[in-house]
2 protein chains.
Amino acid sequence: MSVRERKERERAHRHRLIVSTARELAETHGWDAVTTRRLAEQIEYSQPVLYSHFRGKKEIVGAIALEGFAELTTALRAAAPEGPAGREAVAALARAYIDFAARNPALYDAMFSLDNGLPFADEATPAPLREAFQALVDPLVDHAHPDEPGLFVETFWAALHGLVTLTRAGRLPADRAPDRLTLLVDRFVPR
Amino acid sequence: MSVRERKERERAHRHRLIVSTARELAETHGWDAVTTRRLAEQIEYSQPVLYSHFRGKKEIVGAIALEGFAELTTALRAAAPEGPAGREAVAALARAYIDFAARNPALYDAMFSLDNGLPFADEATPAPLREAFQALVDPLVDHAHPDEPGLFVETFWAALHGLVTLTRAGRLPADRAPDRLTLLVDRFVPR
DNA sequence: ACTCGATGCTAGCACCGCTAGACAAAGGAG
DNA sequence: CTCCTTTGTCTAGCGGTGCTAGCATCGAGT
């Protein structure tokens, strides 16, 4: 049975290779450059091989998005370690979110802008998505109305997401982004 | 010279026909269904005719987006007529924004999600865009820090935009959207 | 050593945005 | 009224996209 194990190992390796290559291609040349042909050429296999690992391009984006949620969770937890979270901790959390989006624009798009086929706000939501949301909830829960912590976090998150997308699309002047973040935190967590 | 005038009139008419047909196609079947082939067939001309009116598909999206900004201005002005704007007026303004996006999803995408080639936050920004932003500024200016009214409006707008996109993409549960809006207004305009 | 199933390939489908070049219709000049 | 030029539209096609049918090859198990 060792042969089958080796094949499965190789297959898993190629699976990861596809995801990481697609992600790198997206991050360096934009999502437009991520075509099945280019991706196949980069991994040195033919196009149909991709379809033996993924149902289609959308599923590749979904796999990358999943990586993104795990990394976002790490970034948020690092910014706001456990314990009571004062205003400064919330500001750090918000900054971590914005920075994550700025540092990984293509990844952020895979998570929130592109069609990645992942189910949201629904019982089938994958664990990494729930964890990322939870990483946002924990430091914020003290500042929310006790009856509706979810509502508070959802709204704060939406505001952060709006800042990210509008700033990156050039809809808002980039130089004042930090000021907008401060203003937002002040409104949600009054001094 | 009457002949030339007639031709120009016909040309302008066809120009509007292209824009309205593309918009209707997008609103009824989604932007994916708006291809140059389908659009050409709908207006009963061949594809190259489109390129005698617009530099490319992006410019058609841009024309539709421009319509959208004009209509958004109208909707916002209707929701918050002139005069001092209390908390209720801000809530009405926010509701008008959200409702506009909900009623015209494809239009909203043309304005903010798709690549429409329009310049933002820059001296070349077309008038309708400035006016739409101004329609947001006027009722809000009393609630902002006097030094930085723009910053306040930008942040509030970003929050609204975030709510719109995340809710419509199914990232946030739709049934609690009104509650999130109330929460947002409460945070930005304390009772 | 041979069979046969797994696996990856070539080739091709239907579609995309966009354009070159042929062609017809229509206006002005003689 | 005829000819010529200009203007406008169409057909056909280019290079690209995501995706797949069907063949060929290779290697594992008997």
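Lettering follows sequence order; numbering is per chain, from 1. All heavy atoms count here, side chains included; hydrogens, waters and symmetry mates do not.
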Would you kindly give the [atom1]-to-[atom2] distance between [X] and [N], to the nearest whole Å?
X	N	atom1	atom2	answer
A/Leu39	D/dG18	CG	C1'	12 Å
B/Leu50	D/dT11	CG	P	14 Å
A/Glu10	D/dA28	CD	C1'	14 Å
A/Glu8	C/dA6	CD	C1'	13 Å
B/Tyr45	D/dT7	OH	C1'	14 Å
A/Phe54	D/dG18	CZ	C1'	16 Å
A/His53	C/dA6	NE2	C1'	13 Å
B/Glu41	C/dG17	CD	P	14 Å

Would you mind classifying the nucleic acid contact of [X] as base, sugar-phosphate or nothing, using non-hydrogen atoms under 4.0 angstrom?
X	result
B/Thr35	sugar-phosphate
B/Arg55	nothing
A/Arg11	nothing

query: So, do A/Phe133 and A/Glu154 sit near enough that their side-chain heavy atoms are less than 4.5 Å apart?
result: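 Yes. Closest side-chain heavy atoms under 4.5 Å.
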- prompt: Under a 4.5 Å cut-off applied to non-hydrogen side-chain atoms, are A/Val61 and A/Asp115 in contact?
  reply: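 Answer no - side chains too far apart.
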For the side chain of [X], starting at C-beta, report the closest nucleotide among [options].
X	options	value
A/Arg37	D/dT17, D/dT9, C/dA20	D/dT17
A/Pro48	D/dA21, C/dG8, D/dT9	D/dA21
B/Arg14	D/dG18, D/dT9, D/dT17	D/dT9
A/Tyr51	D/dG18, C/dG17, C/dC9	D/dG18

message: Please determine whether a side-chain nitrogen or oxygen atom of B/Thr36 lies at a distance below 4.0 Å from atom OP1 or OP2 of C/dG17.
response: yes
Quick one: pull up [atom1] in [X] and [atom2] in [Y] and give me the separation to the nearest 0.5 Å.
X	Y	atom1	atom2	value
A/Gln134	A/Leu76	CD	CG	11.5 Å
A/His53	A/Glu59	NE2	CD	12.0 Å
B/Trp157	A/Arg180	CH2	CZ	9.5 Å

- request: Apply side-chain hydrogen bond (donor to acceptor under 3.5 Å, both in side chains) to A/His29 and list each qualifying residue two or more places apart in sequence or on a separate chain.
  value: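 A/His29: no side-chain hydrogen bond (donor to acceptor under 3.5 Å, both in side chains) contacts found.
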message: Check this for me: does the side-chain of A/Gln47 come within 3.5 Å of the base of C/dC9 through a donor and an acceptor?
response: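 There is none.
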- request: For DNA chain C, find the residues of residues 56-68 of chain B with a heavy-atom distance under 4.0 Å and give them by number; none if there aren't any.
  value: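 Only B/Gly56, B/Lys57 qualify.
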field: Carboxylate-amine/guanidinium proximity below 4.0 Å for A/Arg95 and A/Glu88
entry: yes
